[in-house]
Each structure stands twice: as structure tokens, then as C-alpha cells.
Participant: 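Mind looking over this structure? Questions follow.
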Amino acid sequence: MTDTVALVWVVFGVQILWLGIDPQLESRTPGLSGISYSCISILVVVLWVASLGFSDTRTARTIGTGSAEYTRTVNASLRLFGLLAIVAFLLHADLARGYVLIALPLGMLVLLAERWMWRQWLHMKRSQGEYSSRVLLVGSASSVAQTAAELMRQTHSGYRVVGACLPDRRAPRELAANLPVVGNLDDVSAAMAQVDADTVIITSSDDLPNDKVRRISWGLVPGKQHLVVAPSIIDVGGPRIHTRPVAGLPLIHVETPTYEGGKLVAKRAFDLVVGSLLIVLLSPVLLVIALAVATSSSGPVLFRQKRIGLNGRLFNMLKFRSMVVDAEARLVELHAAQRDAGNGVLFKMQDDPRVTRVGRVLRRYSLDELPQLFNVVLGTMSLVGPRPSLERERDQYEEDMYRRFLVKPGITGLWQVSGRSNLTWEESVRLDLYYVENWSMTGDLSILWRTARAVLDREGAY
């Protein structure tokens, strides 16, 4: 319904503003001349709504999470207008170019905005346990606990865990996070009825031979109960996953990440253009901040610090100075005074005495990070990427963490938009590695949008 309302508003609005109330179509084909543009607008709306439906943009497995809903919405719109252009060419119908060139992009933007608002409402409802599949997890205790933790952490995904079945009959009645164990591998159907589950998720196949999984699927009510198989690999972005049934085997292909080629060139071009533009637009703000830092405390305006960049190379990262001049020298005594500062490897103190009065304001709104735009233009950083590491932090990294040096560090990233200093070290590591493995230009744009909201919320900024 809201798709239809949005498209009626856009298509008829563009017609009235560009062409008038009821203009006539011009055509060199007999019988088409004189057709009202209002009829054409009605046809466009009907076909557009139908195209969205045929492209599965409203199915339960598409809406609410991931980028598939938005991607399919854009693709359906482009295909429709491509088809209309071909038909108009074949029929020699002289459609007003402004009508088409404005209605298509404006319609897509309004559709995406409308879908985004519905998604926020759906996320709120799912956080309250509504509009979610009731899930029974089946597998080993460790895999069940890990899957349950991930699904409970991301309630917006639409899976509400209500029970588990483990292979060991002597298993505890309850796992972590108050997850009840309601049976073993032979009790799946009864367990689903007991907890009123509609979805079974197989979390591991170690104790589940092929015929056992097949029997579990046979025991499900067709169309009302569903089977999901979770692979052992985690933190893989959707575009990297491709399913391919071969000889009855549902093979899952996971594309390995690439760090070269056209995608990398596009990222560098985007950084250079947007970074330069932001420097020009924000130059008055940069000047005011520089004057405030210079006049409020002694010391240089800019703070230069050695950080680790692409392929482990050192570079000088720029910031507006937000601390006293001897801040680095006082770090050791602060470490000793506050053993729980930061999140393990990172040192973050909520009321750091080294921060100046102006620096506290700059940090609250992340304004101290603005000089890093020059790092972006120079090519040592990117707008989006993992958090730039200090040398002393690198010495504490485990082997897996060195993968974060496969891409340039960023001014913002998943760490920035997911809690910042409030995250644990393990959560920070996981987010950085997820970005390195799954980065894309679409993902970068999403992170930049979320960064603006995170800065305004000021959560975890100190």
C-alpha cells in the first residue's frame, strides 16, 4: 500500500509539475496520439508496483535485513523503465524526457526512503519479540551456544531463539543466556511443538548424518515450518555467498575477498573526490577549531602520531590536539591507576585528566578527527576502514588481527558506528575483521550514513 501511495505521489506529481494537469501524448503511430498522460501515469504506477512484487522485494525473507530489499527495488525500477523506453521507441511514442528522467530517480529515492522507515519500525517490533520466527536450534552444545548468542545480539534479523536440541541426552536443561534444552536429536518434532517453534536451524553437522537431517526436514509441516542450515563459517557478507545445487548437494560457494582491481580504484577515487570536497566545505570550521585549540592551551594545533597503515607501513596520522602537551608521557601512570581503562588492548578512559576543556568538546562530537581528511587525500587513510592501530597495540595482536592491514585504515568504520569506546576488545576485533573480509562501496556508503547518526548520538565518544 505504501509503495503504491509513494509512486502515485511521485509519478503524478512529476506529471503535473513538468507537463500540466492532463497533457496529451504525441506519437507518429496512428491511434496513440492524443492519449492522456494521466492514463500513462496510471499505467506506470500499476506496472511499477507489479514489478516490485515480481522481483520479490516484499517477501518475508527479503524485507527487514540485508541489502537485498534495496537492491531488488532499484533493479526492478531500472528494468521497468528500460522496458518502457523500448516500447516507446518501437511505437514511436514521444514521451517527454523530463517526465521520465525525473520520475525514475525520484521514485527510487522515495521508495528506498519508505522502505527504510518500514525497516526501522520492523526492527523496533522485532526487538520486542514480534514479527520473528520462533527458532529451535539443533546441534552440538558449543555451536548452539554460539549461534544463539549471535541471533540474540541481532534481534532485527527476525529469529527469536526459543529452545535447543542437543545430541547428548545428559545435557544440561539450560545453556547460556537462559536457553532451554528441550530434547535430543530424536525429539525435534516434539520439541518444536513444546516451544511452539516454526523454524529449525541446524547449527552443526558433527552429530547429524545426512539421513538424520533429511528426516528432520520430512517431519516439518510444509509451508508452515522451515529448515535452515547454518554453515560453520561466520562473519561472511551476503554478496560473497552463492548457493549451487550439484548432484543433490546444496554447495555453498564463499568468494574470497579481493584487494585489487576496479573496486579498489573506485574506492580511491571516491576518497579523493569526497575528501577534497569536504576539506573545502569544512575549511571555515577547520579554521575556527584551529584558533580555539591554539588559544585555549599551550602546544601545537595539530597532533601527529605514528599509526600503522596499509601492509603494515607507518604513517603520521593527524588530529586536532585535544590533550595537554605531555599526554603521552602520562599514559603509563594512568594505565597503572586505572587497570580497567579501555577494552583490553585499547586504552580509553571516560574522564581522562589529560584532555583539555576544548578537547573534551572536540572529542564529544569527533571534531578532533577532521584533519584526517588530509590523510585521506594523501592516500595514507581512507574515509572508511578499520581503526588505525598504534605500534604498541600491534605488539599485542594475535595472528588473525594482522589481516586488518590488508586495507587502509579509515576515519570511520564499523567500530565507529557500533559503540566506539564502549565495545570490548573482542567486539572491536570482530568488527574490523568483518569489514576487511566483506568491504564494498555500498557498505562504505552505509557506514558513512551511520557515522553521522553515531556522531550526533555521541554514544561511546570520550
Participant: Can you name the nearest heavy-atom pair linking S77 to T73, along with the distance?
Facilitator: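 For S77 and T73, the tightest heavy-atom pair comes out as OG-O, 2.9 Å.
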
Participant: Whether the side chain of K408 engages the backbone of G379 through a donor-acceptor N/O pair (distance < 3.5 Å, no angle test) should be reported.
Facilitator: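 Pair found, side chain donor or acceptor close to backbone of G379.
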
Participant: Taking side chain as C-beta onward, heavy atoms only, is R304 less than 4.5 Å from M317?
Facilitator: no

Participant: Nearest 0.5 Å please: distance from the CD atom of E130 over to the CE atom of M124.
Facilitator: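 One gets 8.0 Å once the value is rounded to the nearest 0.5 Å.
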
Participant: Can you list the residues that meet the ring pair (Phe, Tyr, Trp, His ring centres under 6.0 Å) rule with W9, with sequence neighbours excluded?
Facilitator: none

Participant: Would V144 and V181 satisfy side-chain contact (heavy atoms from CB on, under 4.5 Å), going step by step from the backbone distance to the final call?
Facilitator: CA-CA 10 Å; V144 163; V181 177; over 6 Å; no

Participant: For residues 276-285, please give each side-chain donor-acceptor pair under 3.5 Å, one per line with the distance, not counting sequence neighbours.
Facilitator:
{"from": "S276", "atom 1": "OG", "to": "L272", "atom 2": "O", "distance (Å)": "2.7"}
{"from": "S283", "atom 1": "OG", "to": "V280", "atom 2": "O", "distance (Å)": "2.8"}

Participant: Of the non-hydrogen atoms in A191 and L136, which two are nearest, and what is the gap between them?
Facilitator: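 Taking A191 first and L136 second, the nearest heavy atoms are CB-CD2, 4.0 Å.
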
Participant: Is there a donor-acceptor contact under 3.5 Å from the side chain of H156 to the main chain of G64?
Facilitator: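 No, because the side chain of H156 does not come within donor-acceptor range (under 3.5 Å) of the backbone of G64.
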
Participant: Applying ring pair (Phe, Tyr, Trp, His ring centres under 6.0 Å), can you list everything that pairs with Y70, at least two apart in sequence or on another chain?
Facilitator: none

Participant: Please check this pair: side chain of T155 against backbone of R126, looking for a donor-acceptor N/O pair closer than 3.5 Å.
Facilitator: no

Participant: What's the spacing between S322 OG and I289 CD1 if we round to 0.5 Å?
Facilitator: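 Separation between the atoms: 11.5 Å.
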
Participant: Give the minimum heavy-atom separation between C165 and V182, together with the two atoms involved.
Facilitator: SG-CG2, 4.4 Å

Participant: Could you tell me the separation between the CD1 atom of I201 and the CG atom of L151, rounded to the nearest 0.5 Å?
Facilitator: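 I201 CD1 to L151 CG: 5.0 Å, rounded to 0.5 Å.
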
Participant: Just wondering, do M108 and L78 contact through their side chains at under 4.5 Å, heavy atoms?
Facilitator: yes

Participant: Rounded at 0.5 Å granularity, tell me how far CG in L291 sits from CG in L286.
Facilitator: 11.0 Å

Participant: Is there a donor-acceptor pair under 3.5 Å between the side chain of T380 and the backbone N or O of N375?
Facilitator: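 Yes.
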
Participant: For R268, enumerate each residue passing the salt bridge (charged side-chain N to carboxylate O under 4.0 Å, His left out) test, keeping only those at least two apart in sequence or located in another chain.
Facilitator: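 Once residues adjacent in sequence are excluded, R268 has no partner under the salt bridge (charged side-chain N to carboxylate O under 4.0 Å, His left out) criterion.
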
Participant: For the residue pair R72 and T62, confirm or rule out a side-chain donor-acceptor distance under 3.5 Å.
Facilitator: yes

Participant: Could you check K267 against S382 for side-chain contact (heavy atoms from CB on, under 4.5 Å), going step by step and ending with a plain yes or no?
Facilitator: CA-CA 8 Å; K267 183 178 177 67; S382 178; 3.3 Å; yes

Participant: Locate the shortest heavy-atom distance separating I411 from M381; write the atom from each residue and the value.
Facilitator: N-CE, 3.7 Å

Participant: Do Q305 and L390 make a side-chain contact, defined as non-hydrogen atoms from C-beta onward lying under 4.5 Å apart?
Facilitator: yes

Participant: More than 12 non-hydrogen atoms from neighbouring residues, nucleotides or ligands closer than 6.0 Å to CH2 on W121, yes or no?
Facilitator: yes

Participant: Do D196 and V162 come within less than 4.5 Å of each other through their side chains, counting heavy atoms only?
Facilitator: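 Side chain of D196 against side chain of V162, heavy atoms only: no contact under 4.5 Å found.
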
Participant: Is there side-chain contact between M323 and T356, with at least one heavy-atom pair below 4.5 Å?
Facilitator: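 Of all side-chain heavy-atom pairs linking T356 with M323, none is under 4.5 Å.
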
Participant: Specify the closest pair of heavy atoms between R321 and P300, including all atoms of both residues, with the distance to one decimal.
Facilitator: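 Here R321 and P300 meet closest at NE-O, 2.5 Å.
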
Participant: Please round to the nearest 0.5 Å and tell me the distance separating atom OG of S389 and atom CG of L314.
Facilitator: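 Reported value, rounded in 0.5 Å steps: 11.0 Å.
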
Participant: Considering the options V229, L137, L227, which one meets the side chain to side chain contact (heavy atoms under 4.5 Å, CB included) requirement together with V200?
Facilitator: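 Of all the options given, the one that passes is L227.
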
Participant: Over 60° means perpendicular and under 30° means parallel, so tell me whether W48 and F81 are parallel, tilted or perpendicular.
Facilitator: perpendicular

Participant: Closest approach of S140 and P167, non-hydrogen atoms and distance?
Facilitator: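 That would be CA-CD, 4.2 Å.
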
Participant: Determine whether more than 12 heavy atoms belonging to other residues, nucleotides or ligands lie under 6.0 Å from atom CZ of F320.
Facilitator: yes

Participant: Determine yes or no for a side-chain-to-main-chain donor-acceptor pair under 3.5 angstrom, with Y435 supplying the side chain and V384 the backbone.
Facilitator: yes

Participant: Looking at residues at least two apart in the chain, or sitting in another chain, which of them share a salt bridge (charged side-chain N to carboxylate O under 4.0 Å, His left out) with D432?
Facilitator: R404

Participant: Can you list the steps and then say if V74 with L112 is a side-chain contact (heavy atoms from CB on, under 4.5 Å)?
Facilitator: CA-CA 8 Å; V74 172; L112 294 177; 4.1 Å; yes

Participant: Can you spot which of L104, L106, V44 makes a side chain to side chain contact (heavy atoms under 4.5 Å, CB included) with V10?
Facilitator: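 Exactly one option meets the side chain to side chain contact (heavy atoms under 4.5 Å, CB included) with V10, and it is L106.
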
Participant: Give every residue pair that meets the salt bridge (charged side-chain N to carboxylate O under 4.0 Å, His left out) criterion with at least one member in residues 103-121, sequence neighbours excluded.
Facilitator: D3-R115, E69-R115, E69-R119

Participant: Evaluate the side-chain contact (heavy atoms from CB on, under 4.5 Å) criterion for residues T2 and W118: first the C-alpha distance (whole Å), next the side-chain angles of each, then the deciding distance (0.1 Å), finally the verdict.
Facilitator: CA-CA 10 Å; T2 49; W118 271 119; 2.9 Å; yes

Participant: Quick one: are K306 and E391 in side-chain contact, heavy atoms under 4.5 Å?
Facilitator: yes

Participant: Nearest 0.5 angstrom please: L264 CG to W439 CH2, how far?
Facilitator: 5.0 Å

Participant: I want to check something: taking the side chain as every heavy atom from C-beta on, are M117 and Q120 in contact at a cut-off of under 4.5 Å?
Facilitator: no

Participant: Does D368 reach the side chain of F303, with side-chain heavy atoms less than 4.5 Å apart?
Facilitator: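 Answer no - side chains too far apart.
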
Participant: Check whether more than 12 heavy atoms from other residues, nucleotides or ligands sit under 6.0 Å from atom CZ of F54, and answer yes or no.
Facilitator: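 Result for CZ/F54: open.
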
